[in-house]
Structures are given as C-alpha cells and as structure tokens.
Amino acid sequence: MALDTSRFEAIKEAAGHRKDDEVLAFARAQEGGIAGLLDDVFANMPEAFRAERAKGQEACFQYVINTPDGAHEYFVEIAGDTCRTGRGRTPAPKLTTTVSLPTFLKLLTGRLNGMQAFLGGKVKLSGNTLYAAKFEHWFERPA
C-alpha cells in the first residue's frame, strides 16, 4: 500500500527552511495542536514500516520531543514484522532520542541530516546508538 503523503508534504513545507519559531507556530495551528500533530506522525509510522528491511529484528525506541510547552514522549516498538507506536514510555528502549520539535520535524522530512544534527548537538541519543541508523532504514520516507 502506498503511503498517503498529503500530511507529510504539509509538514515538509512547514519544516523546510523556516526558523524554529515558525515551525512551532505551524505545529500549534494543527488540529489538536502540537500533541495532535505528533499523534498523527507516530500513528502513521506503522504504515511506513518496511518489515523486509528490519529482517525480523526487535527493538523499542523512545522519543522525547521537547517543546516550549513541555516534553512529549512517544515510543516505537518493532517486533518481527510489526510496528506499534504510542504516547508514553516503553520499559526498556534500545535507543532514546531527545530532540526539539522543529528538529524532529526537519529530521522526519529529510530537511536535516541525522548525523549532522547529532554532531551539532541538536539530537541527544542514549542507549545503543547503532540503532539510530538502522531505525531510519526500516521506514519508507515519501519522496
């Protein structure tokens, strides 16, 4: 099944080459505000998951996405050929990623390179950092 890219395109446009405060204003203007936007992003991840790329690996990932209104926590669990996401914490993440909302959206849309963001201090990783590159490969990103 092809990914529905309409929402992705709107996020990509907003996260493009805009300043962080403009990206935050876009997120706040979405249905449900910042939490609604993040709920939508994570809810669509199982559809973008490509099990053949993960080759049966299992891993839990934790995201801590910082905003001026506080942190939003989400998890992504990969088990066999399934991907499950949700709000909150996972008990034993292989990798925890802490990032600001604008940086997260720029990474999501390919507007920012993950390695450059990490080396530049925009992304903090804890746990098995090798899973950061694996995780990205396991998902299809619309062109």
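The shown structure was predicted, so the numbers you read here are calculated from the model rather than taken from an experiment. Heavy-atom basis, side chains included; hydrogens, waters and symmetry copies ignored.
Side-chain N or O atoms of E136 include none that pairs as donor or acceptor with a backbone N or O of A132 at under 3.5 Å. Put simply, the side chain of T85 gets close to the backbone of F42: a donor and an acceptor are under 3.5 Å apart. Judged purely by atom type and a 3.5 angstrom limit, E22 uses its side chain to pair as donor or acceptor with the backbone of K19. Panel note: side chain T103, backbone S100; no donor-acceptor pair is recorded below 3.5 Å.
Nearest heavy atom pair, residue N66 against residue A71, reads OD1-CB, 3.5 Å. Of all heavy-atom pairs spanning C83 and V76, the tightest one is SG-CG1, 3.9 Å. Annotation for T90 and F61: closest pair CG2-O, 4.1 Å, computed over non-hydrogen atoms. Between R18 and E13 the shortest heavy-atom distance is NE-O, 3.8 Å. Between E77 and C60, the shortest heavy-atom distance links the atoms CG-SG, 3.7 Å. Contact detail for L107 and A117: the closest heavy-atom pair is CD2-CB, 4.1 Å.
Taking hydrophobic clusters as Ile, Leu, Val, Met, Phe, Trp and Tyr residues chained together by side-chain heavy-atom distances below 4.5 Å, L95 shares a cluster with F49. Linking Ile, Leu, Val, Met, Phe, Trp and Tyr residues whenever their side-chain heavy atoms come within less than 4.5 Å leaves W138 and L130 in two separate clusters. Both L101 and M45 belong to a single network of hydrophobic side chains, linked directly or stepwise wherever heavy atoms of I, L, V, M, F, W or Y lie under 4.5 Å apart.
Under 4.0 Å is where a charged nitrogen must lie from a carboxylate oxygen, and between D20 and K106 at least one such pair does.
Using a 4.5 Å heavy-atom cutoff, the side chains of D40 and Q30 are not in contact. Here the side chains of Q62 and T97 are not in contact, with every heavy-atom distance at 4.5 Å or above. The closest side-chain heavy-atom distance from Y74 to D39 is below 4.5 Å. In this structure, L125 and Y131 have side chains that are not in contact, with every pair of non-hydrogen atoms separated by 4.5 Å or more. Between Q57 and I78 the shortest side-chain heavy-atom distance does not fall below 4.5 Å. A 4.5 Å side-chain heavy-atom check between R53 and F139 finds every atom pair outside the cut-off. Between L38 and F104, the closest side-chain pair of non-hydrogen atoms falls below 4.5 Å.
Between T129 atom OG1 and K124 atom NZ the span is 15.0 Å, to the nearest 0.5 Å. Rounded to the nearest 0.5 Å, atoms NZ (K55) and NZ (K134) are 10.5 Å apart. Rounding to the nearest 0.5 Å gives a distance of 6.0 Å between CG of L108 and CD1 of I11.
No more than 12 heavy atoms of other residues, nucleotides or ligands lie within 6.0 Å of NZ in K122, so this atom counts as exposed by the packing criterion.
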message: side chain to side chain contact (heavy atoms under 4.5 Å, CB included), that's the test. Do V64 and V99 meet it? Break it down for me.
response: CA-CA 6 Å; V64 179; V99 62; over 6 Å; no
- prompt: Going through the distances and angles, do L37 and L105 end up as a side chain to side chain contact (heavy atoms under 4.5 Å, CB included)?
  reply: CA-CA 10 Å; L37 175 63; L105 295 177; 3.9 Å; yes
- request: Just do the side chain to side chain contact (heavy atoms under 4.5 Å, CB included) check on F75 and R84 with the steps written out, would you?
  value: CA-CA 8 Å; F75 65 85; R84 188 174 77 86; 3.7 Å; yes
